[in-house]
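Each remark here refers to the structure printed beneath this line.
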Amino acid sequence: MDLFRVLTDASPLLLKGLRMTVGITVMSLVLAMILGVFTCLFAISERKALRPLRWLAAFYVWFIRGTPMLVQAMYIFFALPQLLRLITGANVQISVFTASLVTLTMNAGAYLSEIFRGAINAVNKGQMEASRSLGLSYGQSMTKVILPQAVRICLPSLVNQCIITLKDSTILYAIGLSEIMYYGKIYVGRTFESLATYTWIAIFFLAVVSLLSFISKRIERRLSL
Amino acid sequence: MSVNENMNDNGIMNAAEETAAEMHLSGITGGVKKVDRSDPKIIVKGLKKSFGSLDVLKGIDAEIDAGEVVCVIGPSGSGKSTFLRCLNLLETPTGGDIYVDGDCITDKNADINKIRRHIGMVFQQFNLFPHMDVLTNISMAPITLKVLNKAQAEERARDLLRQVGLSDKETYKPADLSGGQQQRVAIARALAMHPDIMLFDEPTSALDPEMVGEVLGVMKQLAAEGMTMVVVTHEMGFAKDVADRVFFIDEGIILEQGTPDEVFNHPKHARTKTFLNKVLT
């Protein structure tokens, strides 16, 4: 076995896969943050008018947390088109990429909303009271006082979720997403270099995750109170 | 000086800015004058508050005049803080009405955010915003609510800091200040909105003993300048010296009220006597 020969030989394929892995992770995380913020705001809202949205948020988090991501991916890619055909009669196709993006986004969004909710709740109750007592509205208090503090609190968990999403994207190999495992498997199938190939895939992940951790530590230090 | 600068900035000053500018040139209260009113500043009628099945306030009636300093004393759990927090609706009353300057603030159509601008509050735990420096803590509300522009708000904040004796701390974060300093910043923050009523919820209870004096000093200064103040406190000395009237709250009602002399030296109720015996020895 020659680790470095495999690297030169397999790297065009593996890097192509890594690009997809990182690309879909970044895209889904951006969407998931938006989804997570709204889910969280619905979940903590106390207004009567928003109650149905609160239930929806609770149901969404409950469903995603309660089912494995592999099942969700299979469901969206295989089961959903079938369901849509039963309802509408039309032949609906969902591409592997779309199904993968939706799965990752829904998944990360649910966990992020819980992270945001925890962080907002962790901001001292007196902060909201002090802000409201000055005449600021709920929304103004949220944006000026609560959220800036919540962001600092949730940063470590946020980075953690980014790492989890990056690694979990390999699960999408199962529905045929052309990410790093997909190409790794192709290369192994061709050359039987399991040890070297999977070693390099592991090293690629370690490198990306280390970079993420490094950046987050720096941001954390900059934002510290 | 600052007034001229503002005028140059804006060309023309609008009425609100003019008043604000005029105010920050005067004393710590922002020049709130003692107005002769026939009506009391705050009227509380039959105020009730329950938390679930726990009745905390069982019908409070009170009238507080403009410029009056009222100290609220009583055993813990008696409802003093709840009473105070109802006055700016941090707690929603379960029953009864509160009028401020003749306006019913418990009316469900009342604009609570507008009302709160005129009622400053100081908390036991200071509740300064830890992610902002001292100057921003004070200037944030007037800027956000567009009462003052940034330059005016910072000018006003510096004035207030001078008056609470913390001019050299404007770039500090709250965490770098002592408890007494934090509480003085909190008082300045509440004053930045030019309130004409100040509520104090046990402002010295979380302080080390040697820092109580500096905070009470600022409060005395405020009282002397004619601020309407409602102070929930365990500082009986402060109540005796500064209060115009003392409310003794016990089990959700104002059991006894009067001048400090009446309440402290000639209490009528046995429960008042028992309480005073406990805290004054």
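To find a chain, count down the sequence lines: A is the first, B the second, and so on, and within it residues start at 1. Nothing here was measured: the structure is a model prediction, and the numbers come from that model.
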Practice item. Counting only heavy atoms closer than 4.5 Å, note whether A:Gln140 contacts chain B via side chain, backbone, both or neither. Key: side chain
Practice item. Sequence neighbours left out, what passes side-chain hydrogen bond (donor to acceptor under 3.5 Å, both in side chains) with B:Asn137? Give chain and number order. Key: none
Exercise for review: Please state whether the side chain, the backbone, both or neither of B:Leu90 comes within less than 4.5 Å of a heavy atom of chain A.
Suggested key: side chain
Review point. Is a side-chain N or O of A:Arg54 found less than 3.5 angstrom from the main chain of A:Ser45, in a donor-acceptor match?
Key: yes
Check your understanding: Non-hydrogen atoms of chain A under 4.5 Å away: do they reach the side chain of B:Phe129, the backbone, both or neither?
Key -> both
Exercise for review: Kindly say whether A:Gln127 contributes a backbone atom to a donor-acceptor pair with the side chain of A:Ser131 at under 3.5 angstrom?
Suggested key: no
Point to revise | Engaged part of B:Arg189 at the chain A interface, taking heavy atoms whose separation is under 4.5 Å | key: both
**Study point:** Lys/Arg N to Asp/Glu carboxylate O, B:Lys41 vs B:Asp196, below 4.0 Å
**Key:** yes
Revision key, fill the gap. Honestly, the part of B:Leu89 sitting under 4.5 Å from a heavy atom of chain A is neither
**Study point:** Pairing of B:Arg156 and B:Asp159 as salt bridge, 4.0 angstrom limit
**Key:** no
